[in-house]
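Excluded from the calculations below are hydrogen atoms, water molecules and symmetry mates; all remaining heavy atoms, backbone and side chain alike, are included. Numbering of ligands and ligand atoms starts at 1, following listing order.
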Amino acid sequence: MDVKAVRSQFPILDQNVNGSPLVYLDSAATSQKPLQVIEAINAYYRLDNSNVHRGVHTLGTRATDKYEGAREKVRGFIDAKTTEEIIFTRGTTTAINTVANSYGRANLSEGDEIVITYMEHHSNIIPWQQLAKSTGATLKYIPLQSDGTITLDDVRETVTSHTKIVAVMHVSNVLGTVNPVKEIAAIAHENGAVILVDGAQAVPHMKVSVTDINCDFYAFSGHKMCGPTGIGVLYGKKALLEKMEPVEFGGEMIDFVNLYDSTWKDLPWKFEGGTPIIAGAIGLGAAIDFLEDIGLDEITAHENKIVTYAMAQLRTIDGLTTYGPKDRAGLITFNLDDVHPHDTSTVLDAEGIAVRAGHHCAQPLMKWLEVTATARASFYLYNTTDDVDRLVTGLNKAKEFFGDVF
Ligand code: 7TS
């Protein structure tokens, strides 16, 4: 992969921040957008903007073709069997809430169990807490090993014949752990449960096949994979989605509306109430083209190289603790002794380096790690070893600066 050529596609990277060239290490929060995506959205608004699925004029047909074309691109990208299984949502959060509120409320009751892990993002915890409260079901957690992984033995121990839903993240946004979701799916199915995989941190970085994983639901966001904000995907197996009720009612999702009852459109549109996120879906389609042109395997290999280099460099800094397993995705969460992560990130920002500090929407995991917050550097296809060197220099400055204080 030619990183220089990749970087030239991201205009935002070519700027100084606080007097230094920008080093963007916060792609796990949101990725930057290549020209191809920016231009696809621009072209849609300049040339084709119209509402979809109304089929009365040329612009409407063009907009519909592009919107539905994007759905086909998503289908191919995650290796789903049919576009009926691809529902556009606002993002991962909305996708997970849709499953909890539709499948969950219809199928769970007292005595049933929902199983998640301690490493989940809040958006894969709270919908299940709320579902447990409203149905009387019990929420259970698969424990973590000291390196931030889970074992299949613990999955087998936690998932029982009472379990109705297993919900796990594919890749941790804090630890970088890559969970064995295919094996977890098999265990869920052996126990008669369905499995939802939160793929927000996986789909942008590695080849994902929902058919190979054999998951029932898979959720992800466009904005972490070079696409725009406001668009995401819920994949669901057709047989399950067909039986599920919509959670949003109104225009676009109906077949016939009578005075006192109505019927729904076929899949996937019954889950897309209201004017859909047309420009967002088109932007996501362009992002998929962009990532596929480069190749997901190339991207994974590049990030591997960067994270391995970064790990070795960070180890040279005295008093720096990293969290998570040895084999990890392209991000590193860390703390510097005696320096609050917000102070660390403020010093780095003054050097033009963007990292995230805080609880990363994973407060139960922070509690498990026995910290209140951490700093995180997350890498993507446009990051270089020079970016890592700048990070290390910045962290040494933070240590010097706060070393005087403590
Ligand atoms: N699941 C995981 C694993 C995530 O990392 C995130 C966002 C979400 C769900 C929610 O995605 P959304 O697009 O619906 O908001 N994670 C982060 C992060 O790590 N820093 O900022 C957002």
Result of checking Phe249, Trp269, Phe256 against Trp264 for ring-ring contact (aromatic ring centres under 6.0 Å, His included):
Phe249
Could you pull out every N or O of ligand 1 that sits under 3.5 Å from a protein N or O, with the distance for each pair?
{"residue": "ligand 1", "atom": "1 (N)", "partner": "Asp198", "partner atom": "OD1", "Å": "3.2"}
{"residue": "ligand 1", "atom": "1 (N)", "partner": "Asp198", "partner atom": "OD2", "Å": "2.5"}
{"residue": "ligand 1", "atom": "5 (O)", "partner": "Gln201", "partner atom": "NE2", "Å": "2.7"}
{"residue": "ligand 1", "atom": "13 (O)", "partner": "Ser221", "partner atom": "OG", "Å": "2.7"}
{"residue": "ligand 1", "atom": "13 (O)", "partner": "His223", "partner atom": "NE2", "Å": "2.7"}
{"residue": "ligand 1", "atom": "14 (O)", "partner": "Thr92", "partner atom": "N", "Å": "3.4"}
{"residue": "ligand 1", "atom": "14 (O)", "partner": "Thr93", "partner atom": "N", "Å": "2.9"}
{"residue": "ligand 1", "atom": "14 (O)", "partner": "Thr93", "partner atom": "OG1", "Å": "2.6"}
{"residue": "ligand 1", "atom": "16 (N)", "partner": "His121", "partner atom": "NE2", "Å": "3.4"}
{"residue": "ligand 1", "atom": "16 (N)", "partner": "Lys224", "partner atom": "NZ", "Å": "3.0"}
{"residue": "ligand 1", "atom": "19 (O)", "partner": "Asn173", "partner atom": "ND2", "Å": "2.9"}
{"residue": "ligand 1", "atom": "19 (O)", "partner": "Arg376", "partner atom": "NH1", "Å": "2.7"}
{"residue": "ligand 1", "atom": "19 (O)", "partner": "Arg376", "partner atom": "NH2", "Å": "3.4"}
{"residue": "ligand 1", "atom": "20 (N)", "partner": "Arg356", "partner atom": "NH1", "Å": "2.4"}
{"residue": "ligand 1", "atom": "20 (N)", "partner": "Arg376", "partner atom": "NH2", "Å": "3.2"}
{"residue": "ligand 1", "atom": "21 (O)", "partner": "Arg356", "partner atom": "NH1", "Å": "2.6"}

Can you confirm whether more than 12 heavy atoms, excluding those of Gln36, are under 6.0 Å from its CD atom?
yes
Are the side chain of Lys224 and the backbone N or O of Ala28 linked by a donor-acceptor pair below 3.5 Å?
yes
Counting only heavy atoms from other residues, nucleotides and ligands, does the tally under 6.0 Å from CD of Glu157 exceed 12?
no
When you measure from the side chain of Asp112 to the backbone of Ser109, do you find a donor-acceptor pair of N or O atoms at a distance under 3.5 Å?
yes
Under a 4.0 Å threshold between the charged nitrogen and the carboxylate oxygen, would Lys237 count as salt-bridged to Asp216?
yes
